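So the structure is just underneath, and the comments pick up after that.
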Amino acid sequence: RWFTHFYVVSVLWNGFLLIWLFQAEFLGGLLPSWIQHMHCALGRDSQSEDTGNEHFSALLVLLLLWLHSCRRLAECLWTSVFSNGVIHIVQYFFGLGYYIAIGSTVLCQVPTNVRNGKELSVQICWYHMVGVMMYIWASLHQHRCLVILANLRKSKSGKVVSLSHSVPFGDWFERVSCPHYFAELLIYVSMAITLGFHNVTWWCVVTYVLFNQALAAVLCHEFYQKNFSSYPKHRKAFIPFV
C-alpha cells in the first residue's frame with residue numbers, strides 16, 4: 001500500500017515539470033536555470049535545434065506520464081485492496097527516486113532554449129495519434145484488471161471481506177497471470193512511439209520496465225502455480241503466448 005507514496009510524488013513532481021514545459025512552449029518563456037544545468041550535466045546541448053517535433057512530443061509524453069500517475073494514485077486510494085505485504089526500504093526509496101527521474105528524463109529530451117519567445121507551431125504527427133491510442137487502450141485494460149483483482153477481496157456490496165489471494169478471471173487474465181504488468185509495459189512503449197520511435201533514451205526506460213515487470217510477473221506466476229493446484233495451465237506469466 002505504500003506504492004501510493006510513489007504516485008503522490010509523481011503527480012506533484014511531474015505536474016510541476018509539465019507546468020514549466022507548458023509555459024515555455026506556449027508562453028514563450030525559458031526553462032528555469034536549474035533545469036538548464038541539469039540538461040548540461042546529462043549531456044544535452046543547450047543550443048541544439050528542434051529536430052522533427054521534439055518539443056511537442058516531449059510535452060505530450062510528460063502529459064501522458066502525469067495522467068498515468070494520476071490514474072494510478074486514484075486506483076491506489078479508491079480501487080485497489082492491498083494485503084499486509086511489505087516492501088524493502090531500498091525498494092521504497094528507489095521507487096520515489098524513479099518517479100522523480102522519469103519525468104526529468106522526458107524533460108531532457110528537448111533543448112533548454114525552448115521557443116526563445118517564439119509562438120509554438122504544433123504539428124500533430126501520425127506517431128502522436130498512434131501512441132496516444134495505444135496509451136488509452138493499455139490504460140483501460142490495466143484499470144479493468146486492477147478492478148478484477150480488487151473485486152476478489154470484496155463482497156457484491158463492495159465491502160472488503162478478505163485480504164487473501166484468489167485466482168482472477170476475465171479480461172487479459174485469460175491469457176496471462178499479470179496483465180496489469182503487461183499493460184504497464186505497453187503504456188511505456190506507447191510513450192516511446194509518441195516520441196517518434198527514434199528516442200534511444202526512452203527505449204532504455206522501456207527496457208528497464210520490461211525486465212522489472214517481467215521479474216515481478218514471473219514471481220507472481222510461480223506463486224499462483226504453487227498455491228492453486230487448479231490454476232489454468234495455458235496462462236503465461238507476462239506476455240500472451242510467450
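These numbers were taken from a predicted model, which means no experiment stands behind them. Computation of the quantities below employed the complete heavy-atom set of this structure, encompassing side-chain atoms and omitting hydrogens, waters and symmetry-equivalent molecules.
Contact between P179 and C145 at its shortest, heavy atoms only, is CG-SG, 3.5 Å. Smallest separation of non-hydrogen atoms from S190 and G131: CB-O, 3.3 Å. Closest non-hydrogen pair, P168 versus I148, comes out as CB-CG2, 4.1 Å. N84 and R1 get closest at one heavy-atom pair: OD1-NH2, 3.8 Å. When every heavy atom of L185 is checked against every heavy atom of V209, the shortest pair comes out as CA-CG1, 4.1 Å. Of all non-hydrogen atoms in I187 and S139, the two that sit nearest each other are CD1-OG, 3.7 Å.
For S162, the side chain to side chain donor-acceptor pair (under 3.5 Å) criterion is met by S164, not counting sequence neighbours. Under the ring pair (Phe, Tyr, Trp, His ring centres under 6.0 Å) criterion, Y181 pairs with no residue at all, not counting sequence neighbours. In terms of the salt bridge (charged side-chain N to carboxylate O under 4.0 Å, His left out) criterion, residue partners of E75 (sequence neighbours excluded) are, by chain and number, R71, R72. Partners of W20 by side chain to side chain donor-acceptor pair (under 3.5 Å), not counting sequence neighbours: none found. Residues meeting the ring pair (Phe, Tyr, Trp, His ring centres under 6.0 Å) test with W2, sequence neighbours left out: H5, Y92. Applying the ring pair (Phe, Tyr, Trp, His ring centres under 6.0 Å) criterion to Y7, with sequence neighbours excluded, gives Y99. Residues passing the ring pair (Phe, Tyr, Trp, His ring centres under 6.0 Å) test with H143, sequence neighbours excluded: none.
Sequence neighbours left out, not one pair with a member in residues 57-84 passes ring pair (Phe, Tyr, Trp, His ring centres under 6.0 Å). Residue pairs meeting the salt bridge (Lys or Arg N to Asp or Glu O under 4.0 Å) criterion with at least one partner in residues 178-202, sequence neighbours excluded, are absent. Screening residues 127-146 for salt bridge (Lys or Arg N to Asp or Glu O under 4.0 Å) gives R144-D171 as the qualifying pairs, with residues at least two apart or on separate chains. Applying the ring pair (Phe, Tyr, Trp, His ring centres under 6.0 Å) test to pairs two or more places apart or on separate chains, those with a residue in residues 212-231 are H165-F223, Y224-Y231. Listed by first then second residue, pairs satisfying salt bridge (Lys or Arg N to Asp or Glu O under 4.0 Å) with a partner in residues 229-242 number zero, not counting sequence neighbours.
Between the side chain of R153 and the backbone N or O of V81 there is at least one donor-acceptor pair closer than 3.5 Å. Checking side-chain atoms of W203 against main-chain N and O of F197 turns up a donor-acceptor pair under 3.5 Å. Distance alone, capped at 3.5 Å, places no donor-acceptor pair between the H141 side chain and the A138 backbone. Without hydrogens or angle criteria, H198 side chain to G196 main chain gives a donor-acceptor distance under 3.5 Å.
Looking only at side-chain heavy atoms (C-beta outward), P232 and F169 come within less than 4.5 Å of each other. No side-chain heavy atom of I239 sits less than 4.5 Å from a side-chain heavy atom of R175. Considering only heavy atoms from C-beta on, I100 stays 4.5 Å or farther from N14 through its side chain. Put simply, the side chain of F173 does not reach to within 4.5 Å of the side chain of V167, judged on heavy atoms.
Hydrophobic clustering (side-chain heavy atoms under 4.5 Å, transitive across Ile, Leu, Val, Met, Phe, Trp, Tyr) keeps L146 apart from F182. Residues L65 and F22 fall within the same hydrophobic cluster, defined by Ile, Leu, Val, Met, Phe, Trp and Tyr side chains chained together at heavy-atom separations under 4.5 Å. L163 and L152 are not part of a single hydrophobic cluster, where members link through side-chain heavy atoms under 4.5 Å apart. Using a 4.5 Å cut-off between side-chain heavy atoms of Ile, Leu, Val, Met, Phe, Trp and Tyr, with links allowed through other members, V11 and Y188 fall into the same hydrophobic cluster. When the side chains of ILVMFWY residues are joined at heavy-atom separations under 4.5 Å, either directly or via intervening members, M133 and F56 end up in two distinct hydrophobic clusters.
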**Message:** Test side chain to side chain contact (heavy atoms under 4.5 Å, CB included) on W13 and S104; report intermediate values, then the result.
**Reply:** CA-CA 9 Å; W13 173 251; S104 305; 3.6 Å; yes
**Pair I19-F16, side chain to side chain contact (heavy atoms under 4.5 Å, CB included): steps then yes or no** = CA-CA 5 Å; I19 290 172; F16 169 74; 5.9 Å; no
**Prompt:** What's the verdict on side chain to side chain contact (heavy atoms under 4.5 Å, CB included) for V61 and Y135, showing C-alpha distance, side-chain angles and the deciding distance?
**Reply:** CA-CA 10 Å; V61 168; Y135 171 88; over 6 Å; no
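Within the model, atoms CZ of F238 and CG of L215 stand 10.5 Å from one another, a figure rounded to the nearest 0.5 Å. Here the CD1-CZ distance, from I87 to F6, works out to 4.5 Å after rounding to the nearest 0.5 Å. Taking CD1 of I136 as the start and CE of M134 as the end, the distance is 12.5 Å to the nearest 0.5 Å. Taking OG from S57 and CG from L62, the interatomic distance works out to 12.5 Å, rounded to the nearest 0.5 Å. To the nearest 0.5 Å, the span separating CG on N199 from OG1 on T194 amounts to 11.0 Å. Distance check, rounded to the nearest 0.5 Å: SG of C108 to CG of L17 gives 9.5 Å.
Open room surrounds CZ on F211; 12 or fewer heavy atoms of other groups in view lie less than 6.0 Å from it.
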